[in-house]
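Below is one structure, written out as structure tokens; the observations come after it.
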Amino acid sequence: MPHSQRASLSKSFYHQPTIDLAQALLGCILVKETTEGVTSGVIVETEAYLGATDRAAHGFKNRRTKRTEIMFGEPGHAYTHLMHTHCLINVVSGEINQPESVLIRALEPYEGIDLMLKRRPVNKLQNLTSGPGKLTKAMGIDMNDYGHSFLYPPLFITEGNKKPPHIATGTRIGIDNSGEAKDYPLRFWVAGNKFVSR
DNA sequence: TCCGGGATTGTCT
DNA sequence: GACAATCCCGGAC
């Protein structure tokens, strides 16, 4: 059975602490269904953003705006936002009124690779979804997905097949202007995987 | 209304 | 390694 037909992860999965969730998501499958077809990929890289106390997070000091609103709600929803010309996707975590999230930074392509290549032509498969802006374009994820629940199609997450991966840890990418927060070890990836962003 | 900046990527040197 | 592309968001005025 293709992963796109498997059941999504349960609601309780998203209620674990943000750092635990960031690691638990590694090896799971992100699926997006559109009229063009189904695409999916194994999550191989994530970053945790700890909300009120994390200067690098959009929810720092509980800053609540139209953009960050979804993070103050229930975990398990999609927080999409624009960065330069790209759309980035996060999994909302933390309980109500805790603006925390997990950024999905890289995928290993799984289903619908032809469709992903059509949306985002690249020479090497390794470049297809190995970055937060790359994977959203390849899968057709955009601001229309803001606030969508990962429990249901057309955008959802299923359990992976493989055993729990070996997880490597490091500092987050692209937040050099965030004071001491730039040194927090909140980036997680599948050790040795070719599709990690860097 | 204006202005500065950003959780990126691709291209050029 | 450096830098431009490109555009929405949020704060200031």
Side-chain angles (χ1 to χ4, degrees), chain A residues 17-19 21-23 25-26 30 32 39 41 43-73 75 77-94 98-109 116-148 150 155 157 167-190 193-198:
Chain A
T18 297
I19 292 177
L21 181 64
Q23 298 181 64
L25 281 168
L26 296 175
L30 178 66
K32 170 79 193 237
T39 54
I43 298 171
V44 298
E45 181 180 353
T46 60
E47 285 180 358
Y49 285 87
L50 301 183
T53 59
D54 180 359
R55 189 170 153 188
H58 293 162
F60 181 54
K61 289 185 176 172
N62 286 315
R63 192 159 65 112
R64 188 167 189 155
T65 66
K66 187 178 177 183
R67 181 175 74 147
T68 62
E69 178 66 28
I70 191 67
M71 289 198 290
F72 288 83
H77 291 247
Y79 168 45
T80 51
H81 71 92
L82 292 168
M83 175 52 41
H84 296 264
T85 55
H86 306 281
C87 179
L88 275 55
I89 186 163
N90 299 249
V91 179
V92 172
S93 61
Q98 295 177 351
E100 307 185 358
S101 67
V102 176
L103 170 67
I104 298 177
R105 280 196 62 87
L107 302 175
E108 179 172 337
M116 290 196 276
L117 283 170
K118 179 182 158 193
R119 290 178 178 138
R120 191 170 181 287
V122 290
N123 294 327
K124 288 191 292 186
L125 198 59
Q126 193 171 333
N127 292 331
L128 185 55
T129 55
S130 54
K134 297 178 184 178
L135 70 92
T136 53
K137 183 169 184 188
M139 295 189 71
I141 294 169
D142 57 31
M143 290 306 290
N144 291 320
D145 294 303
Y146 182 92
H148 177 76
F150 282 110
L155 178 63
I157 300 174
I167 298 173
T169 303
T171 55
R172 293 173 291 182
I173 305 293
I175 55 163
D176 291 343
N177 60 340
S178 299
E180 78 280 353
K182 74 177 174 29
D183 297 322
Y184 296 169
L186 296 178
R187 175 175 171 243
F188 307 100
W189 67 94
V190 176
N193 189 284
K194 289 184 302 186
F195 297 93
V196 170
S197 64
R198 61 182 74 177

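So you know, we letter chains A, B, ... as the sequences are listed, proteins then strands, and number each from 1. The shown structure was predicted, so the numbers you read here are calculated from the model rather than taken from an experiment.
In summary, of the residues considered (L103(A), D142(A), L135(A)), a side-chain contact (heavy atoms from CB on, under 4.5 Å) with I89(A) occurs for L135(A) alone.
Here H84(A) packs flat against the base of dG6(B); its ring centre is closer than 5.5 angstrom to the base's six-membered ring, tilted by less than 30 degrees.
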### Task
Check step by step if side chain to side chain contact (heavy atoms under 4.5 Å, CB included) holds for E47(A) and L186(A).
CA-CA 6 Å; E47(A) 285 180 358; L186(A) 296 178; 5.8 Å; no

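When the C1' atom of dG6(B) is taken as reference, atom NE2 of H81(A) falls 9 Å away, rounded to whole Å. Here dT8(B) presents its P atom at 19 Å from CG of D142(A), a figure rounded to the nearest Å. Distance E69(A) CD to dG10(C) P: 11 Å, rounded to the nearest Å. Rounded to whole Å, the distance from NE2 on H86(A) to P on dG10(B) is 7 Å. Going from atom CD1 of I175(A) over to atom P of dT8(B) covers 9 Å, rounded to whole Å. We find that CZ of R198(A) is positioned 13 Å from C1' of dG10(B), with the value rounded to whole Å. Rounded to whole Å, the distance from NZ on K66(A) to C1' on dG10(C) is 13 Å. Protein atom NZ of K61(A) is 14 Å distant from nucleotide atom C1' of dG11(C), rounded to whole Å.
Set against dA7(B), dG10(C), dT9(B), the side chain of R63(A) has dG10(C) as its closest nucleotide. When each of dG6(B), dT9(B), dC8(C) is scored by its nearest atom to the side-chain atoms of N177(A), the top-ranked nucleotide is dG6(B). Considering only side-chain atoms of M83(A), the nucleotide from dC8(C), dG10(B), dG6(B) that sits closest is dG6(B).
Here L103(A) lies in heavy-atom contact (under 4.0 Å) with a base. Within 4.0 Å (heavy atoms only), R105(A) reaches sugar-phosphate atoms of the nucleic acid but no base atom. Contacts of N90(A) with the nucleic acid, taken as non-hydrogen atoms under 4.0 Å apart, include base atoms.
In terms of position along DNA chain B, the nucleotide closest to I173(A) lies nearer the 5' end than the nucleotide closest to the other residue of the pair I173(A) and V122(A).
For R120(A), no side-chain nitrogen or oxygen approaches OP1 or OP2 of dT9(B) to under 4.0 Å. Of the side-chain N and O atoms in R187(A), none sit less than 4.0 angstrom from OP1 or OP2 of dA7(B). Between dG10(C) and R67(A), a contact under 4.0 Å exists linking OP1 or OP2 to a side-chain N or O. A sub-4.0 Å separation between OP1 or OP2 of dG10(C) and a side-chain N or O of T65(A) is present. Checking the phosphate oxygens (OP1, OP2) of dA7(B), a side-chain nitrogen or oxygen of H58(A) falls inside 4.0 Å.
Closest non-hydrogen pair, L125(A) versus F195(A), comes out as O-CE2, 3.6 Å.
Under the Watson-Crick and G-U wobble criteria, each requiring two contacts below 3.5 Å, nucleotide dT1(B) is paired to dA12(C). Look at dT6(C): it lacks any Watson-Crick or wobble partner with both distances under 3.5 angstrom.
A donor-acceptor contact shorter than 3.5 Å is absent between the side chain of H77(A) and the backbone of I70(A).
L88(A) contributes atom CG, which lies 12.5 Å from atom NZ of K134(A) (distance to the nearest 0.5 angstrom).
In this structure, R172(A) forms a cation-pi arrangement with Y49(A), its terminal cationic atom sitting closer than 6.0 Å to the ring centre and no more than 45° off the ring axis.
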